[in-house]
Amino acid sequence: MGKFSQDISGMPYREDLGVYDEYGDFCPYPSRETLGLFMEDAMNREAGKVAPDTAGADYFFMKGFLNEPMEEDFAYIEKDFLRHCSDKMGEYYNAARYGGDMTYDSSPEESVHIKILAMIFNGAKQGDPYCRELIRNLYKTYHKKEYNQLKRFKTIDVQEIFSLTECEDGGCEYEDIGRVIGMCSFMGIQPADECSLIYLMLNKQRDIWEAEDQELMEFEGFREGLLEECLLTVEAWRDAEKGNKRNFIPYKKYLADGNFVKACFRLHGYPGDYAYSCRYVDAEARMDLAKTLAILKTIYPEREFGYEEVQTFGHIYVLIDCMTQASRSFDTQIGRLIGVDDPLDEERKPLFKPESITISEKKEPEKEVRQEPVNVAPVSMGKAEAQDYLAEIAQLRKKLHEKEQENRYLREINRNAKSAEKDARELINKLQSDREELTALREYAYRSASEPAPIAEIGMEEMQAAVAGRAVVIIGGHVNWLQKLKKLFPDWLFIHPDTYRTVDGKVLENKERVYFFTDYLSHVSYVKFIAVLREKGVPFGYLGRIHVESVVRRVYEDLVTPGKGQAD
């Protein structure tokens with residue numbers, strides 16, 4: 001989002017209220033934005049407003065307090081907080097909000113952490129001894145370096161806050177400023193009067209961030225009548241698709257594409273229709289497709305969209321709809337569970353009455369329970385009683401539950417093992433392909449560094465005739481060189497990479513060997529072709545000389561007399 005020095009044109013210089021410019025040089029005059037803050041601060045003082053508005057500082061404290069190590073340990077933190085303050089959670093959460101909804105841009109897990117942190121922070125601000133000590137402990141543990149610097153202060157001024165929070169590249173993050181000035185009240189550190197300027201700055205920046213967040217989430221909306229038009233279009237498409245068919249299945253492609261969605265869910269261990277179980281408000285396919293078309297026409301008003309394209313986009317719309325409904329449901333249920341949201345509908349009263357639950361104070365005498373083997377039913381021994389049956393049923397249910405949990409765990413292990421086995425096979429295939437490529441490169445390097453071994457009693461003309469009809473491919477090389485070879489070997493395939501935007505694997509099928517001329521071949525082209533060769537399993541090698549005799553000898557050795565002249 002930016003730093004203070006970038007948005008306010010430098011940090012105020014305390015003695016004479018100047019600023020540092022973007023090059024780090026001191027300027028004796030404050031920026032327009034900084035001057036505006038000074039004037040607002042002066043008017044507040046003149047009006048007798050001494051206590052600063054901490055809303056912006058609290059907002060950035062919440063943004064900057066949670067860090068990665070604290071996130072990893074948060075399950076322990078929230079468990080201890082709930083143990084101490086479970087009866088005060090709703091009170092603390094609703095004591096103060098920090099503007100906007102700080103959880104919409106977070107994962108469900110982070111959303112819960114933010115809610116719990118808000119309760120801890122509010123409880124600490126209200127003077128709860130446990131919450132105050134917890135906040136100090138978390139700061140000392142997870143912001144240790146900053147804590148060790150801040151604890152030395154009894155009072156703190158603007159310049160000292162900026163010095164504590166300055167980044168390596170200059171400037172200060174708003175979250176860091178909010179965290180430091182927020183911790184001062186919990187550590188007994190008195191901010192100087194001039195720090196009211198910081199509170200004004202953070203309030204202003206909070207408004208900017210909230211406006212940006214709102215803009216990111218806002219949808220411009222459908223123009224009047226667009227959704228109805230799109231619904232008629234979808235129905236017309238469906239009617240045209242139906243024609244005179246008797247056993248007609250509407251939105252056939254839409255349903256067929258759904259098989260891919262189901263397979264994706266099953267791949268991750270969920271039922272194929274999992275998305276729809278997360279959907280509060282279900283809708284007909286035609287309405288989903290109408291909304292899809294309306295969205296497309298809103299963001300691309302000049303484009304025309306066909307029936308099949310809308311059906312494909314329709315799945316994306318439905319999945320996003322299901323995901324957001326699931327996220328809202330999760331957020332609501334967590335809010336109800338921790339007591340920050342009212343679980344009741346306005347017009348409905350629950351049948352459950354907690355006050356009707358009474359616990360008898362009378363204690364019945366404990367009955368000695370006979371220890372019998374679990375697999376031996378007391379009834380078979382002719383001395384069964386009701387209590388025996390209940391005890392044995394409870395034990396069997398417990399064992400059944402344990403077995404079910406064990407089976408679920410083993411199924412998960414099996415699923416992960418299959419996935420790991422597939423990844424291993426793919427890795428082995430890739431390593432094998434890399435090995436083949438390295439072997440070919442090693443052979444090429446050996447031949448380039450050594451003189452060609454003579455082939456007894458075989459002349460060049462005889463070798464040329466022997467390889468002329470073989471299925472050979474040469475990739476790379478100058479056009480003139482390729483034309484020269486093509487006249488001698490019309491049955492060979494010569495590929496100039498610059499003429500191929502994409503590689504057609506079919507042209508390389510059923511080839512005996514492919515050669516790369518490395519001195520005239522781009523790396524991008526090489527990567528494209530080597531990938532196809534690996535997939536097709538076609539042998540390949542490298543050419544380092546342009547002399548026709550060298551090329552003929554290399555092909556002859558590889559295809560007619562394999563093994564001769566190669567490196568050991």
Side-chain angles (χ1 to χ4, degrees), residues 100-101 103-108 111 210-333 335 341 344-348:
D101 192 320
T103 62
Y104 270 159
D105 60 347
S106 307
S107 69
S111 174
E210 285 186 351
E212 291 175 350
D213 289 342
Q214 188 63 32
E215 184 178 349
L216 289 174
M217 291 189 295
E218 272 189 3
F219 180 69
E220 55 190 289
F222 301 138
R223 62 173 171 81
E224 187 176 355
L226 177 60
L227 187 58
E228 290 77 6
E229 293 174 13
C230 293
L231 184 59
L232 292 175
T233 301
V234 170
E235 289 175 342
W237 282 338
R238 180 196 61 191
D239 294 341
E241 184 182 33
K242 180 178 181 180
N244 296 322
K245 298 176 184 177
R246 292 184 178 180
N247 299 323
F248 169 66
I249 301 176
Y251 318 116
K252 190 172 182 180
K253 184 180 186 303
Y254 178 73
L255 298 174
D257 290 345
N259 292 328
F260 172 75
V261 175
K262 293 176 182 178
C264 290
F265 276 117
R266 289 195 292 267
L267 176 66
H268 290 85
Y270 285 82
D273 60 348
Y274 176 74
Y276 294 93
S277 65
C278 299
R279 208 176 191 192
Y280 266 146
V281 181
D282 206 353
E284 294 180 338
R286 66 188 185 99
M287 183 55 70
D288 287 333
L289 295 177
K291 288 182 179 179
T292 302
L293 181 57
I295 294 172
L296 291 171
K297 284 183 172 292
T298 299
I299 58 179
Y300 305 112
E302 304 299 325
R303 273 193 60 187
E304 292 293 331
F305 295 92
Y307 187 27
E308 291 193 357
E309 189 176 15
V310 170
Q311 290 181 83
T312 299
F313 277 109
H315 277 295
I316 301 175
Y317 166 76
V318 170
L319 290 173
I320 292 174
D321 183 50
C322 294
M323 182 189 74
T324 53
Q325 288 193 42
S327 181
R328 287 193 183 96
S329 174
F330 175 83
D331 194 57
T332 300
Q333 295 303 320
D341 290 321
L344 301 179
D345 296 331
E346 293 181 0
E347 300 179 355
R348 184 183 179 280

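Computed from a predicted structure; not experimentally measured.
- At a threshold of 4.5 Å between non-hydrogen side-chain atoms, the residues Q333 and S329 count as touching.
- Closest non-hydrogen pair, F222 versus I295, comes out as CE2-N, 3.7 Å.
- The OG1 atom of T233 sits 11.5 Å away from atom CG of L289, with the distance rounded to the nearest 0.5 Å.
- Of all the heavy atoms in T292 and G314, the pair that sits closest is OG1-CA, 3.4 Å.
- Applying the 6.0 Å contact sphere to CD of E308 captures no more than 12 heavy atoms from other residues, nucleotides or ligands.
- With values rounded to the nearest 0.5 angstrom, L227 atom CG is found 7.0 Å from K291 atom NZ.
- Rounding to the nearest 0.5 Å places SG of C230 at 10.5 Å from CE of M287.
- Panel note: side chain H315, backbone Q311; no donor-acceptor pair is recorded below 3.5 Å.
- When the ring-ring contact (aromatic ring centres under 6.0 Å, His included) test is applied to F305, no partner is found at least two apart in sequence or on another chain.
- For the salt bridge (Lys or Arg N to Asp or Glu O under 4.0 Å) condition, the pairs that include at least one residue of residues 222-232, sequence neighbours left out, are R223-E229.
- When all heavy atoms are compared, the tightest approach of A294 to L226 is O-CD2, 3.6 Å.
- When the side-chain contact (heavy atoms from CB on, under 4.5 Å) test is applied to A326, the partners found at least two apart in sequence or on another chain are C278.
- Nearest heavy-atom pair, R286 versus V234, reported as atom, atom and distance to 0.1 Å: O-CG1, 4.0 Å.
- Sorted by first and then second residue, the side-chain hydrogen bond (donor to acceptor under 3.5 Å, both in side chains) pairs with a member in residues 295-305 read R303-E309; sequence neighbours excluded.
- F265 pairs by the side-chain contact (heavy atoms from CB on, under 4.5 Å) definition with V261, Y270, Y274, A275, L319, not counting sequence neighbours.
- Within the model, atoms CG of D273 and SG of C322 stand 10.5 Å from one another, a figure rounded to the nearest 0.5 Å.
- Residues satisfying the ring-ring contact (aromatic ring centres under 6.0 Å, His included) criterion with F313, sequence neighbours excluded, are absent altogether.
- Taking CG from D331 and OG1 from T324, the interatomic distance works out to 12.5 Å, rounded to the nearest 0.5 Å.
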